[in-house]
Amino acid sequence: METEKELCFERMPGRCGKHGFSALGGGHVGSRERKPGKGSEMRQSRTFIPTLKESPSDAEIASHRLLVRAGFLRKVAAGIYEFLPLGTRVVQRISRVVREEMNRAGAQEVILPIMQPRELWEESGRWAKYGPEMMRLKDRAERDFGLGPTHEEVVTDLVRSNLSSWRDLPLNLYQIGTKFRDEIRPRFGLLRGREFIMKDAYSFDRDEAGMQRSYRDMYDAYARIFTRCGCTWRAVEAATGLIGGDVSHEFMVPAAVGEDLIAYCGDCDYAANLELAEYRRAEPACGEGKPASKVHTPEKRTIEEVSGYLGLDPERFVKCLMLLVEGRPVAVLVPGDREANESKLERVLGTVEFRLFNEDDWRRFPQYLQGFVGPVGIEVAEVIADASLRGAGGLACGANDKDYHLVDVEEGRDFKPHRFADVTSAREGDACPRCGGSLHVEAGIEVGQVFQLGLKYSEAMHCTYDDEHGNTKPMYMGCYGIGITRLMAAVVEQHHDERGIIWPVEIAPASLHILPLDYQREGRRAAAENLYRSCLEKGLEVLLDDREESAGVKFADADLIGIPYRAVIGKAFDEDGLVELQVRATGERERMSAKRLLSRLADLGVRIRHEA
RNA sequence: CGGGGUGUAGCGCAGCUUGGUCAGCGCGCAUGCUUUGGGAGCAUGAGGUCGGCGGUUCAAAUCCGCCCACCCCGACCA
């Protein structure tokens, strides 16, 4: 019956598509005539919101669990999800904020393809470099394609072939679309999916200063976006990884489930991903000038074992890590109580082709005795020491002799690294590299990253322009990403309680949830319908729970779904004709007339929305 | 890719050790009546190739083999 009505409306001239759903909802209520409002219909009885009492067994973290339970999300395969109506609305809300801020910053929206020809990726060198994380496929003519994990190549190609004058720069193009990365291990629901929605933007400038200006504009836009989305966030210096470039910041949402660690200073504004966070080294301990001596340490191999056996602090040890770097052994020296930092090593070594010795490597190079290697007298292609070991004395280390260690070793006297570098991770309490203050370490979810790419892609792909003097120059590029769906999960991580989600108003699937209890009671029902209709006419996003469910069910679902404000029509209505406004976040309740409720919401900062 | 775990109704699970009244429970769903300020009650009912293939056996959800999917830890990483 409804289908017929819908079809019928579609065929009626002069009706635009966006009211199709209104017509459907309106038809359901009865024959009352009404003008279509600005807001879109959302009657719970007619909206696909399959809530679950129990948590799905594969959901571990709050955001995943709650988004599935509240009917926003369903899984299709590992790391691949369907967004149900409520989930889709949230994606649209976030996208709207992103669009507004991107447009305000002067960027222009485009739509770029997800399937991209191999040739473009050959040009940038990333067809070979990207590895199996890029999903590759062939079309019927056996041509190679990749599903875009990111869009530098395509957008660079677009710009180089259609723009060549300095007058047309700067330019900033962005899109909001689906990305695919064949993650080695998808996990945590939306936080690390394979298919996800991302906003990516690319700026093109005439020179470095222009690029820096574009970068700053994007950085500021990001700050506004994350704040509007209700996040607590922190921008940190970041590594550039596969995207490339020199300067980069990540936008992190602090959360225990975050996969990144960040260090930030309690006293100044220094903040960086732990992958590159620096710290100020303390003055190295010096020895008492005693000559190095050999001590018997039978079967003591780990720092823990040897330090316990010799009664020396682990920090007085030199941990000698054996690395296989492009097939050659390299020794890396770090203080015994410190962890080597893989991404720092990557930059210091200038390659990603390295690993810690595995069992085979120890067998292949029997001159290195596992558990007893040390810097003194070691024969190896290169010895790299962490900066904190420069000039240190009174050290203990492996003796390169089975069951022996050395003590009273001094750097400079007993061994000399080929070079010193920063190869260890900062940790809680270390000194800030800028101000010497105390560093803190916390986990965070990366929801956005901005890069100054420089000339990496424009030179490789000949993306050039002619300047005012007729000289051909490569464009300076930047790229800027926001994980829309990841942000959605991050917000839930930050905003939920034991009962469900608590959406920030700006990105909530609706602003107001109307809960008429005992819907059959005619007075209540009419009041709910009236309130609903005036909300729609005002353009307020509203969900009406018109189901014949018990009060408990309605409250429980409402808590789970997490719409920020709730209008309960129940007892108070019978007694005084009032509705009760409830605040999801705080549980506050206040009785008022339906009329006042709307102005009250406006006072509370609920934005009246118009259909996009 | 290595290690561990799980696949039984839409969801959550029991049953598997010891093969045979073993196709079960709770929630959800459908119908009817009663209920409606915190996940209601009664009654009736629908729904499952027990992940797939093969094997052992008189007999397999249960034992064996292979495969697949999903989850966790690690390696790895936008």
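The sequence lines fix the lettering, A, B, ..., with proteins before strands; numbering per chain opens at 1.
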For residues 445-453 of chain A, dump all side-chain donor-acceptor pairs below 3.5 Å to protein atoms at least two apart in sequence or in another chain.
unit_1	atom_1	unit_2	atom_2	d
A:Gln449	NE2	A:Ala239	O	3.0
A:Gln449	NE2	A:Ser248	OG	2.8

With rounding to the closest Å, how many angstrom separate the C1' atoms on B:G32 and B:U21? 33 Å

Just the rounded figure in Å: distance from P of B:U36 to CG of A:Asp545. 17 Å

Can you find an N or O donor on one side and an acceptor on the other, under 3.5 Å apart, linking the side chain of A:Asp557 with the base of B:G39? yes

What is the distance from CG of A:Leu517 to C1' of B:G38, rounded to the nearest Å? 9 Å

Given B:G28, B:C71, B:U36, which nucleotide is nearest the side-chain atoms of A:Lys53? B:G28

One should read off an interatomic distance between A:His495 NE2 and A:Ser63 OG, to the nearest 0.5 angstrom, of 12.5 Å

Phosphate contact (B:C71 OP1 or OP2) by A:Lys75 side-chain N/O below 4.0 Å: yes

When you compare the protein's N or O atoms with those of nucleotides 74-77 of chain B, which come within less than 3.5 Å of each other, and at what distance?
unit_1	atom_1	unit_2	atom_2	d
B:C76	OP1	A:Glu342	OE2	3.1
B:C76	OP2	A:Glu342	OE1	3.4
B:C77	O2	A:Arg192	NH1	3.0
B:C77	O2	A:Arg192	NH2	3.3

Determine the interatomic distance between P on B:A14 and the same-named atom on B:U6; round to the nearest Å. 10 Å

Pairwise salt bridge (Lys or Arg N to Asp or Glu O under 4.0 Å) hits with a residue in residues 512-523 of chain A, at least two apart: A:Asp518-A:Arg521, A:Arg521-A:Asp574

Considering residues at least two apart in sequence or located in another chain, which fulfil the salt bridge (charged side-chain N to carboxylate O under 4.0 Å, His left out) criterion with A:Arg224? A:Glu101

Length of the line joining A:Glu60:CD and B:U6:P, which is rounded to integer Å: 15 Å

Walking RNA chain B from its 5' end, the first of A:Glu446 and A:Ala77 to be reached, judged by nearest nucleotide, is A:Ala77

Residue set satisfying salt bridge (charged side-chain N to carboxylate O under 4.0 Å, His left out) with A:Glu183, at least two apart, ordered chain then number -> A:Arg192

Does the Lys NZ or Arg CZ of A:Arg216 fall within the cation-pi geometry relative to A:Tyr219 - under 6.0 Å from the ring centre and within 45° of the axis? yes

Using a cut-off of 6.0 Å, state whether more than 12 heavy atoms not belonging to A:Glu339 lie near its atom CD. no

Short of 4.0 Å, heavy atom to strand atom, which residues of residues 118-132 of chain A count as contacting RNA chain B? A:Tyr130

Contact class for A:Arg589 vs. all strands (heavy atom < 4.0 Å): base, sugar-phosphate, or nothing? base

Using atom C1' of each nucleotide, how far apart are B:G7 and B:C50 to the nearest Å? 10 Å

Span that lies between the C1' atom of B:A46 and that of B:C53, in whole angstrom: 31 Å

Residues in side-chain hydrogen bond (donor to acceptor under 3.5 Å, both in side chains) with A:Glu442, at least two apart? A:Arg234

Rounded to whole angstroms, how far apart are NZ on A:Lys554 and C1' on B:A40? 14 Å

If we take the C1' atom in both B:C29 and B:A69, what is their distance in whole Å? 27 Å

For the pair made of CZ in A:Arg521 and C1' in B:G37, what is the distance, rounded to whole Å? 10 Å

Nearest-Å distance for atom pair CD/P, residues A:Glu498 and B:G38: 17 Å

Integer angstrom distance from the C1' of B:U31 to that of B:G15: 31 Å

Classify the nucleic acid contact of A:Arg74 as base, sugar-phosphate or nothing, counting any heavy atom under 4.0 Å across all strands shown. nothing

Suppose you measure atom C1' in B:C76 against the same atom in B:C63; what distance do you get, rounded to whole Å? 39 Å

Listed by chain and number, what are the ring pair (Phe, Tyr, Trp, His ring centres under 6.0 Å) partners of A:Tyr457, not counting sequence neighbours? none

Lys/Arg N to Asp/Glu carboxylate O, A:Glu152 vs A:Lys456, below 4.0 Å: no

Pairing residues for A:Trp127 by the ring pair (Phe, Tyr, Trp, His ring centres under 6.0 Å) criterion, not counting sequence neighbours: none

Return the value, rounded to whole Å, for the distance between atom CG of A:Leu515 and atom P of B:G39. 14 Å

Mind checking whether A:Leu512 and A:Leu597 have side chains closer than 4.5 Å, heavy atoms only? yes

Is it true that A:Glu109 and A:Arg99 make a salt bridge, defined as a side-chain N closer than 4.0 Å to a carboxylate O? yes

Does either side chain, that of A:Asn172 or that of A:Ser203, offer a donor lying less than 3.5 Å from an acceptor on the other one? no

Can you name the atoms? Protein N/O to nucleotides 31-35 of chain B N/O, anything below 3.5 Å, with the distance.
none

Once you apply a heavy-atom cut-off of 4.0 Å, does A:Ala572 come out as touching a base, just sugar-phosphate, or nothing? base

Do you see a donor-acceptor pair shorter than 3.5 Å between the side chains of A:Thr351 and A:Glu353? no

Atom pairs under 3.5 Å, N or O on each side, protein against nucleotides 8-12 of chain B: can you list them with distances?
unit_1	atom_1	unit_2	atom_2	d
B:G12	OP1	A:Ser57	N	3.0
B:G12	OP1	A:Ser57	OG	3.3
B:G12	O2'	A:Glu54	OE2	3.2

Can you measure A:Leu560 atom CG to B:G39 atom C1' for me and round it to whole angstrom units? 11 Å

Rounded to whole angstrom, note down the C1' distance from B:G2 over to B:G19. 35 Å

With heavy atoms under 4.0 Å as the rule, sort A:Arg547 into base, sugar-phosphate or nothing. nothing

Taken in chain and number order and not counting sequence neighbours, the residues that satisfy side-chain contact (heavy atoms from CB on, under 4.5 Å) with A:Pro56 are A:Asp58, A:Ala59, A:Val68, A:Arg69

